[in-house]
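Below is one structure, written out as C-alpha cells, with a few remarks after it.
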Amino acid sequence: MKSCFALAACLLPFSLPANAQGQPDIPDSGITASDPEEIEFSADTINYDFENDVVVARGNVELAREGYRLRADNVTWNRKTGRVTAEGDVRTTGPDGDIVYSNTITLTDSLRDGMVENLLLVLEDGGRLAALKGERFDDGSMALDIAAYTACAVTTEEGCPKEPSWQIKAVKVRYDPIKKRVSYDGARIEIFGLPVIPLPGLSHPISNENRSGILVPNLRIDSTNGVAVSLPYYFNIAPNQDATVTAQVFTEVAPLVSGTFRHLDDKGAFQITGYATYSSRIPTGATGPLPNAEKDFRGYFETSGRFKLGNNWTVSQSARLVSDRTFLRRYDISDDDSLRSTINLERIDNSSYFSLAGWAFQTLRTSDPQNQVPIVLPMVDYRKRLSDPVLGGQAMLQFNSLAIERTGGQDTQRAFASARWDLRRLTKTGQEITFTAYARGDVYHSDDNVQNPVTVYQGNSGWEARGIVSAAVDIKWPFIGKAFGGTQTITPRFQIVATPNLANLSLPNEDSRAVDLEDTNLFSLNRFPGYDRYEDNVRASYGVEWNLVRPNLSINTIVGQSYRLENNNNIVPEGTGLSDRFSDIVGRSNVRFKDIVKFTHRFRLDKDNLAVRRNEIDLTVGSKSTYVQAGYLRLNRDIGAELEDLRDREEIRIGGRYQIDKYWSVFGSAIVDLTDEREDPTSSADGFEPVRHRLGVAYDDGCLSLGVTWRYDYEDTGDAERGSTFLFRLALRNLGV
C-alpha cells in the first residue's frame with residue numbers, strides 16, 4: 001500500500017525539453033499539489049528518522065508540485081543538510097512534458113540547484129543528450145560534462161542497444177531552456193564511431209521551431225573550379241520569413257556569394273535568389289583565356305511568387321537573369337540553354353479563364369544572337385464556356401492576342417476570336433460519336449519580316465487576315481470482353497475533319513514550328529502546335545486502341561494513320577509525316593507489370609518503306625530501391641538544317657540504383673549522343689559522343705544520409721570546361737543549424 005503526505009518545501013526537479021520515445025512509460029498516479037509551497041509525496045513506503053531529521057521514500061516514489069513531477073526508486077531528504085537525493089530509474093517531467101532520465105539527482109538546500117549523474121535527456125526534437133554528470137542553475141540552464149548528442153535511434157527494432165550512426169561528442173555542453181538551444185565546447189562529429197569533423201563553436205536548436213544558425217557545409221571538387229567549400233547560414237527572420245546566405249570558397253577561382261529570401265503570408269508566397277562573384281571568364285566559343293585577363297561582375301538572379309488578389313484573381317511572376325552565357329554551367333547551377341521571365345495576371349472561375357501575361361527570354365546558346373530572341377508583351381487569353389447548351393452541345397468562346405517584339409528581328413502582333421461547339425452522343429449499339437464545329441477569325445501585323453532567317457516563317461509584311469471554319473466527326477466503338485485471363489477492350493476510331501483551303505504562308509509563324517505527327521495529336525482538330533498554322537483540306541484519321549487488364553498486368557496500345565484529299569507539303573516539310581496524302585503510321589504502347597516493369601514505346605513509321613522516323617523507348621525495371629532505367633530516342637526525319645526546331649538527333653540514356661543492404665546503395669547514369677553528321681549537319685558528334693555520366697554511393701538510415709558522386713561532363717562551353725566533378729553529401733537529422 002502506498003503512503004502519501006505533503007512536504008512543506010519546494011522540490012523542483014530538473015526539467016529539459018524532451019520526448020520520452022524509447023524510454024519505459026510509467027503511468028501517472030494522478031497526485032497533485034494544491035498549495036504552491038506544498039509537495040505531494042507518494043511512495044510504497046516512507047520512513048522518517050526524527051533523530052537525524054531524514055525522510056526516506058522507497059518504491060515507486062512520485063513527487064508533484066505545480067506541474068513538476070519526479071519519479072524514482074528511492075528518494076532521501078536530509079533536512080539538516082538541505083540535500084535531496086533521488087536514485088534508481090529517475091525520471092523528471094516539467095509542466096510542458098519535458099523529460100530527464102538519470103541514475104542519481106542531488107539537489108542543494110535551495111532545492112533548485114543540483115547535480116545529476118549518468119544523465120540522459122530526451123529532447124523535444126527527438127534527439128538525446130547523454131552525460132557523465134550535469135549541473136542545473138537557477139535560470140533552468142544546464143552545464144554537462146563529457147556529453148554526447150545524437151538524433152539517431154540507440155536501440156534496434158527488437159529493443160537491443162546499438163551504437164548510433166552519428167553523434168556529437170564534446171567536453172562541455174550547455175543547454176538553454178529559454179532559447180531551446182544546445183552549445184558545445186570542443187565538439188566533434190563521429191560517424192560510425194570515427195571522429196571525422198571537428199566543429200568548434202557549434203550550437204543548434206533542440207525544438208521544432210526554425211532557428212538562425214549555420215547549416216551543414218557542402219564539399220565538392222571539379223576540374224574547373226577546384227575544391228569548393230560552401231558554408232550556408234540560415235536567418236530565421238520571422239515565422240513567415242527566412243533567408244539563407246552561402247559563402248562558397250574555391251581553390252581555382254574567386255569566391256562566390258549567394259542568398260535566398262523567402263516570404264509567406266495568407267495571400268501567397270515569393271522567393272528571391274541571387275549569386276554574385278567578381279572573376280575572369282572565357283567567352284562562349286573561345287578556346288582560351290581572354291588576352292587581357294578580363295575580370296568583371298558575374299552573377300545570377302532568380303525570383304518567383306504567386307499571390308491571390310481575391311476569390312478568383314491571382315498574380316504570379318518568375319524572373320531569371322544571368323550576367324553571361326556560361327556562368328550557370330561554370331558554377332553548376334543549371335544546364336538550361338535559355339532563361340524565361342514572366343508575369344501573369346489570371347482569373348479563373350467555374351466557366352471562364354482570363355490571362356494577361358508578358359514573357360521575356362535570355363538565350364545561353366553559343367550561336368543565338370540575343371537581338372533575335374522575342375519579347376512577348378502583352379499576351380491576352382480569354383475563354384468562356386457557355387453554361388446553357390447550344391443545339392444540345394457544349395459551346396466555348398475564346399479571344400487571344402499577343403505582341404512579339406525583337407530588338408533586331410521580326411516583330412509580330414496577332415489577335416483572334418474563336419468559337420467551338422462539341423456534341424457527344426452514345427448510340428444504342430455502343431458507338432461514341434462526337435460532332436465538332438469550329439470558327440475563328442485572325443488578324444496579323446508584322447514588320448521587318450526579311451530579318452527572319454527562315455523564309456517559310458516570315459509571312460507577308462503589314463496587315464493580313466485569315467478566316468477558319470472546321471467541322472469534324474469523331475467515332476469510337478469499344479468492344480469489351482474476357483481474354484487472356486483478364487478484360488480486353490478493342491476500340492476502333494475514325495475521324496473526318498474538313499477545313500477550306502487557307503493562306504497559311506501569308507502569315508508569320510511564331511508558335512507552330514515544331515510540328516511532328518505522333519499518337520497524341522493524330523486525332524486533334526489541328527495537328528500544329530500553337531495558333532499560327534492551321535491544317536486545312538479534308539482528311540480522315542483512323543486507328544485502333546487495344547487495352548488489356550489482368551491482375552498485376554496492364555497493356556495499352558494504339559496505332560493509326562490519316563489520309564488527306566490533297567498534299568500538305570506547302571506548309572509542312574517532308575519528314576514530318578504530314579506532308580503527303582497518306583500520313584506516316586504512328587503508335588504508342590504502354591506495358592506495366594506490378595510495380596516492377598514500366599515500359600513505354602512511341603514510334604512513327606514511314607508510309608512508303610516503313611523506315612523508322614521516330615523511335616522513343618522508356619523502360620524502368622525494378623523496385624523503388626533497386627532498379628534500372630533506360631531511354632532511347634531517334635528522330636530520323638531528314639529535314640534540312642535551316643529548320644532548327646525539326647533537326648534530327650539520336651541519344652540513349654541509362655541509369656540505375658542497386659540497394660546493397662538496408663542502408664547502402666550504389667547508383668549511376670549516362671547520356672550518350674548518337675547523332676552524326678548524316679542526321680544533323682550542324683552536330684559535332686561522331687555517332688557515339690558521351691555527354692555526361694555519373695557514379696555514386698550513398699548511405700541513408702533515416703538519421704544519417706551521406707554520399708559521394710563522381711560526374712564527368714564531356715562538353716566545353718566557354719569557361720564551363722569538361723572534366724570531373726566530385727560531390728560530397730552529408731545530412732544529419734535534426735542538425736540543420
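Keep in mind the model is a prediction, meaning the values are calculated, not measured.
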Side chains of [X] and [Y]: do they bring a donor and an acceptor to under 3.5 Å?
| X | Y | value |
| --- | --- | --- |
| Thr363 | Asp337 | no |
| Glu574 | Ser579 | yes |
| Tyr542 | Gln561 | yes |
| Asn590 | Thr600 | yes |
| Gln398 | Asp381 | yes |
| Thr326 | Asp324 | yes |
| Arg383 | Asn400 | no |
| Lys384 | Ser351 | yes |

*Donor-acceptor pair, Arg634 side chain versus Arg613 backbone, under 3.5 Å?*
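Judged by distance alone, no pair lies under 3.5 Å.
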*Short side-chain to backbone donor-acceptor contact, Trp421 and Val390, under 3.5 Å*: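 Confirmed, Trp421 side chain pairs with Val390 backbone.
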Distance (rounded to the nearest 0.5 Å) between [X] [atom1] and [Y] [atom2]:
| X | Y | atom1 | atom2 | result |
| --- | --- | --- | --- | --- |
| Asp442 | Leu507 | CG | CG | 7.0 Å |
| Glu545 | Asp519 | CD | CG | 9.5 Å |
| Asp713 | Arg711 | CG | CZ | 4.5 Å |
| Tyr300 | Ser334 | OH | OG | 6.5 Å |
| Tyr534 | Ser512 | OH | OG | 11.5 Å |
| Asn452 | Gln458 | CG | CD | 5.5 Å |

*Does a sphere of radius 6.0 Å around CG in Asn371 hold more than 12 heavy atoms from other residues, nucleotides or ligands, not counting ones at 6.0 Å or beyond?*
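Enclosed: over 12 neighbouring heavy atoms sit under 6.0 Å from CG of Asn371.
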*Look at atom CZ of Arg340 and say whether more than 12 heavy atoms of other residues, nucleotides or ligands are closer to it than 6.0 Å.*
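No - once you tally the heavy atoms of other residues, nucleotides and ligands closer than 6.0 Å, there are 12 at most.
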*asked:* Before you tell me yes or no, could you show the steps for Asp422 and Arg420 under salt bridge (charged side-chain N to carboxylate O under 4.0 Å, His left out), namely the whole-Å CA-CA distance, both residues' side-chain angles and the distance that decides it to 0.1 Å?
replied: CA-CA 7 Å; Asp422 293 284; Arg420 176 167 175 160; 3.1 Å; yes
*Going through the checks in order, is the side-chain contact (heavy atoms from CB on, under 4.5 Å) test met by Lys607 and Ser583?*
CA-CA 7 Å; Lys607 65 184 183 308; Ser583 75; over 6 Å; no
*Between Trp359 and Phe361, what is the ring plane arrangement, given parallel below 30°, perpendicular above 60°, and tilted in between?*
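Parallel: the ring planes of Trp359 and Phe361 meet at under 30°.
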Is the shortest distance from a Lys or Arg side-chain nitrogen in [X] or [Y] to a carboxylate oxygen in the other one below 4.0 Å?
| X | Y | result |
| --- | --- | --- |
| Arg424 | Glu432 | yes |
| Arg602 | Glu518 | no |
| Glu715 | Arg722 | no |

Evaluate the side-chain proximity of [Y] to [X]: yes if any heavy-atom separation is below 4.5 Å, no if none is.
| X | Y | result |
| --- | --- | --- |
| His601 | Glu616 | no |
| Asp536 | Asn504 | yes |
| Arg588 | Thr557 | no |
| Asp673 | Tyr714 | no |
| Thr620 | Val597 | no |
| Thr366 | Arg325 | no |
| Leu502 | Asn537 | no |
| Glu405 | Gln413 | yes |

*Yes or no on side chain to side chain donor-acceptor pair (under 3.5 Å) for Tyr457 and Glu510, after CA distance, side-chain angles and deciding distance?*
CA-CA 7 Å; Tyr457 295 159; Glu510 298 281 3; over 6 Å; no
*What closest approach, in Å, do Arg320 and Leu328 show between heavy atoms, and which atom pair accounts for it?*
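The pair with the smallest heavy-atom distance is NH2-CD1, 4.4 Å.
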*asked:* Just to verify, what does Phe416 make a ring pair (Phe, Tyr, Trp, His ring centres under 6.0 Å) with, not counting sequence neighbours?
replied: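 Counting only residues at least two positions away or on another chain, Phe416 forms a ring pair (Phe, Tyr, Trp, His ring centres under 6.0 Å) with Tyr531.
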*What residue among Arg466, Arg513, Arg414 forms salt bridge (Lys or Arg N to Asp or Glu O under 4.0 Å) with Asp532?*
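Only match with Asp532 under salt bridge (Lys or Arg N to Asp or Glu O under 4.0 Å): Arg414.
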*Establish, yes or no, whether a centroid distance under 6.0 Å links the rings of Tyr563 and Phe582.*
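Judged by ring-centre distance (under 6.0 Å), Tyr563 and Phe582 do meet the cut-off.
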*asked:* Which residue is it: Asp584, Asp516, Asp606? I am looking for the one with a side-chain hydrogen bond (donor to acceptor under 3.5 Å, both in side chains) to Arg637.
replied: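 With Arg637 as partner, Asp584, Asp516, Asp606 yield a single side-chain hydrogen bond (donor to acceptor under 3.5 Å, both in side chains), made by Asp516.
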*asked:* Pair Asp618, Arg653 - check salt bridge (charged side-chain N to carboxylate O under 4.0 Å, His left out), show working.
replied: CA-CA 9 Å; Asp618 287 292; Arg653 309 175 307 277; 3.1 Å; yes
Let me check something: any side-chain donor-acceptor pairs from residues 304-314 under 3.5 Å, sequence neighbours excluded? List them with distances.
| from | atom 1 | to | atom 2 | distance (Å) |
| --- | --- | --- | --- | --- |
| Arg306 | NH2 | Thr314 | OG1 | 3.3 |
| Asn312 | ND2 | Ile348 | O | 3.0 |

*Mark yes or no: Arg493 above the aromatic ring of Phe523, with NZ or CZ under 6.0 Å from the six-membered ring centre and no more than 45 degrees from the axis.*
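Yes; both conditions hold, so Arg493 lies above the ring face of Phe523.
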*For Thr489 and Thr491, run side chain to side chain donor-acceptor pair (under 3.5 Å): C-alpha distance rounded to whole Å, both residues' side-chain angles, the deciding distance at 0.1 Å, then the answer.*
CA-CA 6 Å; Thr489 304; Thr491 308; 5.9 Å; no
